[in-house]
There are 2 protein chains.
Amino acid sequence: MQNRRLSERGYRRADLAKATGCNLETIRYYEKVGMMPDPPRTAAGYRIYDKSHVSRLRFIMRGRDLGFTIEEIRGLLDLVDGGTQTCAEVKERTERHLASVRAKIADLRRIERALATTSSLCSGEDVPECPILDALAA
Amino acid sequence: MQNRRLSERGYRRADLAKATGCNLETIRYYEKVGMMPDPPRTAAGYRIYDKSHVSRLRFIMRGRDLGFTIEEIRGLLDLVDGGTQTCAEVKERTERHLASVRAKIADLRRIERALATTSSLCSGEDVPECPILDALAA
DNA sequence: GTAAGGTCTGTAGCAACTACAGACTCAAGG
DNA sequence: CCTTGAGTCTGTAGTTGCTACAGACCTTAC
């Protein structure tokens, strides 16, 4: 194909981006902040990635999708990298995060009800009393 | 107490921060971006707040907690501020926000399910192999 | 061999804060 | 009356987690 020699050796940055769906520049950012390892380079300085980079980047992105902060993901990666991870630790972190997600859902449901009520009140001619303020300010 | 004359008139910035849990500087930021009104000032230029500012700031913070952007909160505040809008406009904005709330709930439910699933895979034992990490890497 | 396109670096921008620095104000104690 | 210490004022710079250049360099296809 267009870059046979390189693709025999591994992925270029754009290949990694495509393989993971990650933004091109974000890969460099993750490297800068130490979440992705400094990859080997070609003689000309081009980064060369392999399958392991694809997995790691997917791991990071999946964590972000699940609403983990960078620091939380770093923590999870440390467990992986350390090789000393215990199931108990990871489970504990996950459940803590699960609890906060459930709290957010509960809050949003309250807002949803308030908005739905407002909307139904809005069918008349007059501007209604707004229960949103009460719901949010409570 | 130490500033009786002022506290008879209202809250100072630090009082408002304490009453709402908002960061001191963030109050000024919200004022700068037009989410909080320019408050009255003492002769020396000190901001003076009252109960209405407490409610409004709580409203903003709650919205932020729930993941609304500044622009969305601005929209909600417009609803609350009311005044010049017709009922149709209010209803339209309300339903738009309702849709975004429901989308957020759906997102969080998806995250919740993923977290609950990964958590349930985990034995909680002190073994180095963790199915949650495997699931994230998958 | 040259043009198109990928990669490199550093840096600047974004949202939404958060934290100074340096000047000013104010109430209380001596 | 003066000092002291805490609170406030302004503008600006730093933070997080990206994202998007600019300008130079490298590779590949034709």
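No experiment lies behind these values; they were computed from the predicted model shown.
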Next on the checklist: It should be established whether A:R41 places a side-chain nitrogen or oxygen under 4.0 Å from OP1 or OP2 of nucleotide C:dT9.
Outcome noted: yes
Checklist entry - Are OP1 or OP2 of D:dT8 and a side-chain N or O of B:R12 less than 4.0 angstrom apart? => result yes
Checklist outcome for this item: Nearest heavy-atom contact between B:P37 and B:E31 is O-CG, 4.1 Å
Item to check | Nearest-Å distance for atom pair OH/P, residues B:Y11 and D:dT8 | outcome: 14 Å
Checklist entry - Distance check: side-chain N/O of B:R13 vs OP1/OP2 of D:dC9, anything under 4.0 Å? => result yes
Checklist entry - Atom CG of A:L16 and atom C1' of C:dG6: how far apart are they, to the nearest Å? => result 15 Å
Next on the checklist: With nearest nucleotide decided by heavy atoms, which residue, A:A44 or B:G45, maps closer to the 5′ end of DNA chain D?
Outcome noted: B:G45
Next on the checklist: Looking at A:R74 and A:E71, is there a salt bridge between them, counting it only when a charged N and a carboxylate O are closer than 4.0 Å?
Outcome noted: yes
Checklist entry - Taking atom C1' of D:dT10 as reference, at what distance in whole Å does atom NZ of B:K32 sit? => result 11 Å
Checklist entry - Testing B:R28, B:R12, B:H53, B:M36 for side chain to side chain contact (heavy atoms under 4.5 Å, CB included) with B:R47, which one passes? => result B:R28
Next on the checklist: In whole Å, I'd like the distance from the CE atom of A:M36 to the P atom of D:dC18.
Outcome noted: 13 Å
Item to check | D:dA20 phosphate, OP1 or OP2, under 4.0 Å from A:N23 side-chain N/O | outcome: yes
Checklist entry - For B:Y30 and C:dA16, what is the distance between atoms OH and C1' respectively, to the nearest whole Å? => result 7 Å
Checklist entry - Would you say A:Y46 reaches D:dC26's phosphate, i.e. side-chain N/O to OP1/OP2 under 4.0 Å? => result no
Checklist entry - Looking at B:I73 and B:R64, what are the two nearest heavy atoms and their distance? => result CD1-CD, 3.4 Å
Checklist entry - Over how many whole Å does the gap from A:L24 atom CG to D:dG17 atom C1' extend? => result 16 Å
Checklist outcome for this item: Separation of C:dT25 atom P from B:I48 atom CD1, nearest Å, is 15 Å
Checklist entry - Side-chain N or O of A:T26 less than 4.0 angstrom from OP1 or OP2 on D:dC18? => result no
Checklist entry - So does B:R28 get a side-chain nitrogen or oxygen closer than 4.0 Å to the phosphate oxygens (OP1/OP2) of D:dC9? => result no
Next on the checklist: Please tell me if A:R47 has a side-chain N or O lying less than 4.0 Å from either OP1 or OP2 of C:dC8.
Outcome noted: yes
Checklist outcome for this item: Walking DNA chain C from its 5' end, the first of B:E25 and B:A43 to be reached, judged by nearest nucleotide, is B:E25
Item to check | Donor-acceptor pair between A:Y11 and A:K51 side chains, under 3.5 angstrom | outcome: yes
Item to check | Residue whose nearest DNA chain D nucleotide is more 5′ - A:R64 or B:A14 | outcome: B:A14
Checklist entry - In whole angstroms, how far is the P atom of D:dT15 from the OH atom of B:Y29? => result 18 Å
